[in-house]
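Not measured: the values here are computed from a predicted model.
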Amino acid sequence: MEFKHLCLVRFKEGVVVEDIIEELTKLAAELDTVKFFGWGKDVLNQEALTQGFTHVFSMSFASAEDLAACMGHEKHSAFAATFMAVLDKVVVLDFPFVVAKPAPSPEAA
């Protein structure tokens with residue numbers, strides 16, 4: 001079963017978010033256990049719902065063991081220190097991903 005690592009973040013004032021995203025993208029590309037990496041930025045700005053969180057980062061892994069290997073990797077540990085220093089607040093969820101409705105096949109489109 002696929003495992004997800006999801007981070008919702010609120011950056012500190014003055015952080016150059018693009019630099020952090022660039023570093024994280026490079027890190028994900030270097031770690032073989034990462035199957036997928038993606039990110040997004042909130043566009044609706046519904047403060048009552050977002051509580052100031054502006055960005056989401058998502059990584060997918062083939063297994064919980066691959067997730068653990070990534071989290072224990074020296075490159076991840078080094079980046080995590082940098083990442084945590086620029087955050088005002090973060091929520092992290094690690095979970096097995098359950099598909100309730102699969103994406104349509106390309107032939108159906």
Side-chain angles (χ1 to χ4, degrees):
M1 176 174 283
E2 185 175 274
F3 267 73
K4 295 280 188 183
H5 177 70
L6 186 71
C7 296
L8 299 171
V9 303
R10 181 168 62 204
F11 289 101
K12 292 179 180 176
E13 279 296 315
V15 171
V16 180
V17 175
E18 293 78 15
D19 291 348
I20 300 300
I21 292 170
E22 184 178 318
E23 288 183 49
L24 189 50
T25 300
K26 189 164 91 171
L27 174 68
E30 292 174 358
L31 299 176
D32 292 337
T33 58
V34 177
K35 288 178 39 177
F36 165 87
F37 168 69
W39 66 273
K41 180 179 179 187
D42 179 60
V43 294
L44 297 180
N45 300 317
Q46 299 180 62
E47 179 64 29
L49 297 176
T50 63
Q51 299 177 35
F53 290 90
T54 59
H55 289 75
V56 61
F57 299 96
S58 177
M59 290 184 179
S60 296
F61 301 87
S63 65
E65 292 79 19
D66 282 355
L67 170 62
C70 177
M71 297 301 118
H73 195 283
E74 63 187 33
K75 288 183 179 183
H76 179 273
S77 297
F79 178 77
T82 300
F83 190 61
M84 295 305 287
V86 299
L87 300 181
D88 182 40
K89 197 159 191 164
V90 63
V91 174
V92 177
L93 298 171
D94 296 312
F95 55 95
F97 193 69
V98 178
V99 176
K101 179 180 178 180
S105 64
E107 306 86 52

Run V92 and H5 through side-chain contact (heavy atoms from CB on, under 4.5 Å) and show every step you take. CA-CA 7 Å; V92 177; H5 177 70; 3.5 Å; yes

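- At least one donor-acceptor pair under 3.5 Å links the side chain of E47 to the backbone N or O of G52.
- Side-chain heavy atoms closer than 4.5 Å link hydrophobic residues (I, L, V, M, F, W, Y) into clusters, and following such links, even through other members, never connects L6 to V98.
- In this pair, F57 and H55 present their aromatic rings parallel. The plane angle is below 30°, not in the 30 to 60° band.
- Test F61, F97, F36 against E2 for side chain to side chain contact (heavy atoms under 4.5 Å, CB included) and you get one pass: F97.
- Residues A28 and V34 come closest through the heavy atom pair O-CB, 3.8 Å.
- What you find for C70 and H76 is that their closest heavy atoms are O-CB, 3.1 Å.
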Let's go through D88 and K12 carefully: what are the C-alpha distance in whole Å and the side-chain angles of both, what is the deciding distance for side-chain contact (heavy atoms from CB on, under 4.5 Å) to 0.1 Å, and is it a yes or a no? CA-CA 5 Å; D88 182 40; K12 292 179 180 176; 4.2 Å; yes

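- Minimum heavy-atom separation, Q51 to R10: O-NH1, 2.6 Å.
- Cluster annotation: V9 and L49 are assigned to distinct hydrophobic clusters (Ile/Leu/Val/Met/Phe/Trp/Tyr, side-chain heavy-atom contacts under 4.5 Å, transitive).
- Other residues, nucleotides and ligands contribute more than 12 heavy atoms inside 6.0 Å of the NZ atom of K35.
- In terms of heavy-atom proximity, F37 sits nearest to T25 at CE2-OG1, 3.4 Å.
- Atom CG of L93 is separated from atom CG of L8 by 7.0 Å, given to the nearest 0.5 angstrom.
- From I21, atom CD1 reaches atom NZ of K26 across 15.0 Å, with rounding to the nearest 0.5 Å.
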As a quick check of understanding, evaluate side-chain contact (heavy atoms from CB on, under 4.5 Å) for L24 and L27, giving each step before the final call. CA-CA 5 Å; L24 189 50; L27 174 68; 4.2 Å; yes

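- Both M59 and M84 are assigned to one and the same hydrophobic cluster, defined by single-linkage of ILVMFWY side chains at heavy-atom distances under 4.5 Å.
- Nearest heavy atoms, H73 versus K75: ND1-N, 2.9 Å.
- No more than 12 heavy atoms of other residues, nucleotides or ligands lie within 6.0 Å of CD in E22, so this atom counts as exposed by the packing criterion.
- Cluster annotation: W39 is not connected to V91 through the hydrophobic network of ILVMFWY side chains, with a link wherever side-chain heavy atoms come within less than 4.5 Å.
- Tracing side-chain contacts under 4.5 Å through hydrophobic residues (I, L, V, M, F, W, Y), one reaches V86 starting from F79; they form part of the same cluster.
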Run D94 and F3 through side-chain contact (heavy atoms from CB on, under 4.5 Å) and show every step you take. CA-CA 7 Å; D94 296 312; F3 267 73; 5.8 Å; no

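- Using the six-membered ring where Trp is involved, F83 and F11 have ring planes that are perpendicular, over 60° apart on the 30 and 60° scheme.
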